Amino acid sequence: MSLPDRAPRYAGARHSRRGRLSTRMPAPVECRAVPILPHPTSDFPLRMAKTAVSPTRAENYPEWYQQVVKAADLAENSDVRGCMVIKPWGYAIWEGIQRGLDTRFKETGHENAYFPLFIPMSFLEKEAEHVEGFAKECAVVTHHRLEPDGKGGLQPAPSAKLEEPLIVRPTSETIIGATFARWVQSYRDLPILINQWANVVRWELRTRMFLRTTEFLWQEGHTVHATSDEAVEETRKMLDVYAEFAENVMAMPVIKGEKTAGERFPGAVATYSIEAMMQDRKALQAGTSHFLGQNFAKAQEIKFQSQAGELEFAWTTSWGVSTRLVGGLIMSHADDDGLVCPPRLAPAHVVILPIYKSDEERATVLAYCESLKAELATQSYEGEAIRVKLDDRDIRGGDKKWQWVKRGVPIRVEIGPRDVAGGGAFVGTRIGEKPQGMDRAKLVAEAPAMLAQLQQQMFDRAKQARDDASVVIDSLAEFEAFFADGQPGGLVYAHFTDGPDMEAKCKELKVTPRCIPLEPLLGDDGPGKCLFTGAKSERRAVFARAY
RNA sequence: CGGGCUGUAGCUCAGCUUGGUAGAGCGCUGCGUUCGGGACGCAGAGGCCGGAGGUUCAAAUCCUCUCAGCCCGACCA
């Protein structure tokens, strides 16, 4: 209708950032220096700049993480215990991850399919280790109908009890394996290269947004091969796909490696993972790829007749990444002002924020913004049109700007009457230098390069932080000192023997062997002596506290 | 499942020890002043104080039971 409602409106002050936080924040003395990535945009140490997220990383890292999830509008807790609602901005990031990976899966010959959410309980029982690993955390469906309980509520109808309970998939090896058993008869049917995008449920006791929730979204690849070599190759190939994606798209440096026996997927012969280091120097397993050998094939009778006419068990693999990657993204890049999106994954590359006072100004500024938006969208970045968002919502300018900072949009462009008059734009990047005025044509021309530079900066920054926190250690005393309470921690490369001695010591120090790197990363990769037993050791493993 | 703790307005909480039918800040709505900015003033909407029972003339406040959630541990993408 009339325009008044388009004019900026104003609400009360917003000083209070207290609340429960304040009581949970550690007292100053306890604020031992948690080493955090340098934050190029902060004015520290001249004055304590006001941060958009509180507490800061240094003050209380776990709480900071939660606040970033909230501030960036990524997700919120739901009415269901342990389950989260992924909000549009968070889901858009997940969609970006899906898109990037899905393309790569297709390029490596995989096809998507979909398997049931429910798995007959008996299926899980077939592979002994698998049962062991998952039985404790399964949601079980026992009835198929509700009825009034006579007290105004509902109850599962006793008459509708299932003969065999169904479990909600914690992972789908069993049901997919059973299906594959039907699909595979001849060596000519192989390989089978399938992926599914799905939700899974693991009834974890403690949950954290994105990092560990009861229900989560993921992708699980399942393949069947005629030979062990081929299956191993597939396992490693998909690990490479994950690593390439993590580093190039998410700007998250990762270490590719094999898991020790204790960390292996239940039922796998070998598990490989990509491990990333978060800003609090804890490791995050960001993706896994399993060589399942013939374990599942035998349990589920995935057999084929070979070229020679012999009946053989097939070799299978499985591999997956989950919405946990979003958590990794946050903890790799976010700062005390909220999320920082790597451009290749950012739901919006550029956000345009119009600034005006009167309706008259609004008209001219908006027209200018619209044309700038269109012009920017003609530019391409990474083979696609630059994603531009024009935020014309009727809320306070400062508020609006900070919302986008907190959401981590790589480039912000503020357009006011002065810019319109001078053919310019006021441009700020999420990390890097202070915002500055810029010629409009220059902005359009340089936008792709700016995005590319931000992407690179983010990777370099994360890698630098990881490398700075990585050490080679050759004595148990040093190892213990490194992980002693109050120490900052990090990634330790050390010789080891997989076994009870190592596991006991790690447990004591709350450390885990993250993986045995496939490639020497700190140069020193020769044989040595196990820290825990003194035995001869061929390889080093990476040890760290982990999520 | 052990050990701590919390349930009061949309959010974060105060009030409870010393019972007398409900408060703050933010958010929200309206008007105004501001504004290249996370501003301010005024006015307003919004709660049967987790649930059930008990004590009492009177319960958010005391007692009992119950439900739910959080944190710390053991387990995990």
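Predicted model, so just to flag it, every value in this text is computed and none were measured. Lettering follows sequence order; numbering is per chain, from 1.
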Backbone N/O of A:C515 and side chain of A:Y272: donor-acceptor pair under 3.5 Å: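 Answer holds: no.
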A:T271 side chain to A:F265 backbone, donor-acceptor under 3.5 Å: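 Side chain of A:T271 to backbone of A:F265: a pair is present.
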Rounded distance in Å - [atom1] ([X]) to [atom2] ([N]):
X: A:E132; N: B:C75; atom1: CD; atom2: C1'; result: 12 Å
X: A:L217; N: B:A77; atom1: CG; atom2: P; result: 17 Å
X: A:N77; N: B:U12; atom1: CG; atom2: P; result: 10 Å

A:E129 bridged to A:R264 by N-O distance under 4.0 Å: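 No.
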pi-stack flag for A:F216 and B:A77, centroid dist under 5.5 Å, interplanar under 30°: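 The ring of A:F216 is stacked on B:A77.
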Contact class for [X] vs. all strands (heavy atom < 4.0 Å): base, sugar-phosphate, or nothing?
X: A:G416; result: base
X: A:L211; result: base
X: A:S322; result: base
X: A:W218; result: nothing
X: A:Y547; result: nothing
X: A:S358; result: nothing
X: A:Q285; result: sugar-phosphate

Candidate nucleotides B:G38, B:G36, B:C75, ranked by approach to the side chain of A:A52 - the nearest: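 Comparing B:G38, B:G36, B:C75 against the side chain of A:A52, the answer is B:G38.
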Any strand: nucleotide that pairs with [N] via Watson-Crick or wobble, under 3.5 Å:
N: B:U18; value: none
N: B:G30; value: B:C42
N: B:U12; value: B:A24
N: B:A52; value: B:U64
N: B:C70; value: B:G4
N: B:A59; value: none

Whole-Å C1' distance, B:U55 and B:G46: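 Looking at atom C1' only, B:U55 and B:G46 are 33 Å apart.
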Would one find a side-chain N or O of [X] under 4.0 angstrom from OP1 or OP2 of [N]?
X: A:R81; N: B:G69; value: yes
X: A:K507; N: B:C75; value: yes
X: A:K357; N: B:G36; value: yes

Qualifying residues under side chain to side chain donor-acceptor pair (under 3.5 Å), relative to A:W94, sequence neighbours excluded: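 Side chain to side chain donor-acceptor pair (under 3.5 Å) list for A:W94, sorted by chain: empty.
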Under 3.5 Å, side-chain donor or acceptor atoms of residues 68-77 of chain A against the rest of the protein: list the pairs with distances, not counting sequence neighbours.
from  : atom 1 : to     : atom 2 : distance (Å)
A:D73 : OD1    : A:K87  : NZ     : 2.8
A:D73 : OD2    : A:R407 : NH2    : 2.9

Lys NZ or Arg CZ of A:K136 over A:F134 ring: under 6.0 Å, within 45°: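 Because its charged atom misses either the 6.0 Å distance or the 45° angle limit, A:K136 does not stack over A:F134.
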